[in-house]
Amino acid sequence: MITKNKLNRKQQIIEKATQLFQKQGYAATSMRDLASFIGIEAASLYSHIKSKEEILQIICFQLAEDFFNSLQSIELEHGGADEKLQKAVVSHVEVLTKDPAASAVFFSEWRHLSEPYLTDFLEMRDQYEGRFIQILIDGNESGIFKTLDAKFTVLALLSSINWMPAWYKPGGKLSPKDIAGNVTDVFINGLRVR
């Protein structure tokens, strides 16, 4: 049985590792670096974490789960595809900005996952993008959106948002909701049938 204290310590290690991975990159960070950054002996680090990759897996798959969970309720709502797309973008931005360090690691370091985790991660990413694609297809079929290459449009939309961890500053001029509003205004206005 895992004690609450051990779980809290593991979470603290993951949070510190996330900061360090963001700062110097996953490949450049050793377990010794992490132990030093946290202020514990490297040997005691292994009593909480099996490996550096275990930490990366936790970061990547937890954030992926957060993205899926944020989208699920939107898909079940009644409303137009334009409303769903707007809400989906807002929820995506909210997940990104909840933990900017984890988001930065998620988007830049996932390539270091080993198999079978890499394949699982890429499948989850494809499924998530597929749900956005379906919103665009529904919008086209209902006459709200123009006929465009839905996959290309979704990749362009998500790519524009997913750069946020590189420049977003909590407490900056634009709130997460403002950023999402600006992005959706540009894309939805471009997609709408006039």
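The residues of the chain are indexed from 1 along the displayed sequence.
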Heavy atoms from other residues, nucleotides or ligands near OH of Y128 exceed 12 (cutoff 6.0 Å): yes

Straight-line distance of I55 CD1 to E109 CD, nearest 0.5 Å: 13.0 Å

Interatomic distance, I133 atom CD1 to D126 atom CG [nearest 0.5 angstrom]: 8.5 Å

Nearest-0.5 Å distance that lies between atom SG in C60 and atom CE in M124: 10.5 Å

With L136, the side-chain contact (heavy atoms from CB on, under 4.5 Å) member among I144, D149, L85: L85

Side-chain heavy-atom pair T97, P170 within 4.5 angstrom cut-off: no

Aromatic ring pairing W110/F121, orientation class (parallel under 30°, perpendicular over 60°, tilted between): parallel

Approximate separation, where rounding is to 0.5 Å, of N162 CG and F107 CZ: 3.5 Å

Close side-chain approach of R125 and E129, heavy atoms under 4.5 Å: yes

Side chains of D66 and Q62, donor plus acceptor under 3.5 Å: yes

same_hphob_cluster(I74, V154) at 4.5 Å side-chain heavy-atom cutoff: no

Check: T184 side chain, Q86 main-chain N or O, donor-acceptor pair, under 3.5 Å: no

OG1 on T153 to CD1 on I135, rounded to 0.5 Å: 13.0 Å

W167 reachable from V95 in the ILVMFWY side-chain graph, under 4.5 Å edges: yes

Pair E53-S114, side-chain donor/acceptor within less than 3.5 Å: yes

Derivation of the side chain to side chain contact (heavy atoms under 4.5 Å, CB included) call for M31 and I49: CA-CA 10 Å; M31 288 294 270; I49 296 290; 4.3 Å; yes

is_close_aromatic(F68, F61), centroid dist under 6.0 Å: no

Minimum heavy-atom distance between A27 and H112, given as atom pair plus value: CB-CE1, 3.9 Å

Partner residues of D120 under the side chain to side chain donor-acceptor pair (under 3.5 Å) criterion, sequence neighbours left out: none

Candidate pair D82 and F145, rule side chain to side chain contact (heavy atoms under 4.5 Å, CB included), full reasoning: CA-CA 8 Å; D82 51 348; F145 295 150; 3.9 Å; yes

Full working for side chain to side chain contact (heavy atoms under 4.5 Å, CB included) between E115 and L118: CA-CA 5 Å; E115 292 298 350; L118 179 59; 3.8 Å; yes

Closest non-hydrogen atom pair between S103 and P165, with its separation: CB-CG, 3.6 Å

Results of salt bridge (charged side-chain N to carboxylate O under 4.0 Å, His left out) for D138 - residues two or more places apart only: none

Set of residues satisfying side chain to side chain donor-acceptor pair (under 3.5 Å) with respect to E65, sequence neighbours excluded: none

Single-linkage hydrophobic cluster L63~I58, side-chain heavy atoms < 4.5 angstrom: yes

Non-hydrogen side-chain atoms of L56 and Y117 separated by less than 4.5 Å: no

Side-chain touch L20/Q24, heavy atoms, less than 4.5 angstrom: yes

Within-4.5 Å side-chain heavy-atom neighbours: Q134 and R131: no

Heavy-atom check, side chain of L96 versus side chain of F67, under 4.5 Å: yes

Under 3.5 Å side-chain donor-acceptor pair for R9 and Q12: yes

Non-hydrogen atoms of L157 and S160 that approach each other most closely: O-OG, 2.6 Å

Modelled atom types, side-chain donor and acceptor of D33 and S30, under 3.5 Å: yes

Residues forming a salt bridge (charged side-chain N to carboxylate O under 4.0 Å, His left out) with E54, sequence neighbours excluded: K10

Taking every non-hydrogen atom, the tightest pair across V93 and A180: CG2-CB, 3.9 Å

Shortest non-hydrogen contact from L71 toward A88: CD1-CB, 3.5 Å

Please list every donor-acceptor pair under 3.5 Å in which a side-chain atom of residues 34-45 meets a protein atom from a residue at least two apart or in another chain.
unit_1	atom_1	unit_2	atom_2	d
S44	OG	E41	O	2.8

Residue that, paired with V183, satisfies side-chain contact (heavy atoms from CB on, under 4.5 Å) out of D178, L158, V89: V89

Side chain proximity check, E94 to V90, heavy atoms < 4.5 angstrom: yes

Which residues share a side chain to side chain donor-acceptor pair (under 3.5 Å) with K87, sequence neighbours left out: E77

From L122 atom CG to R111 atom CZ, the distance as rounded to the nearest 0.5 Å: 9.5 Å

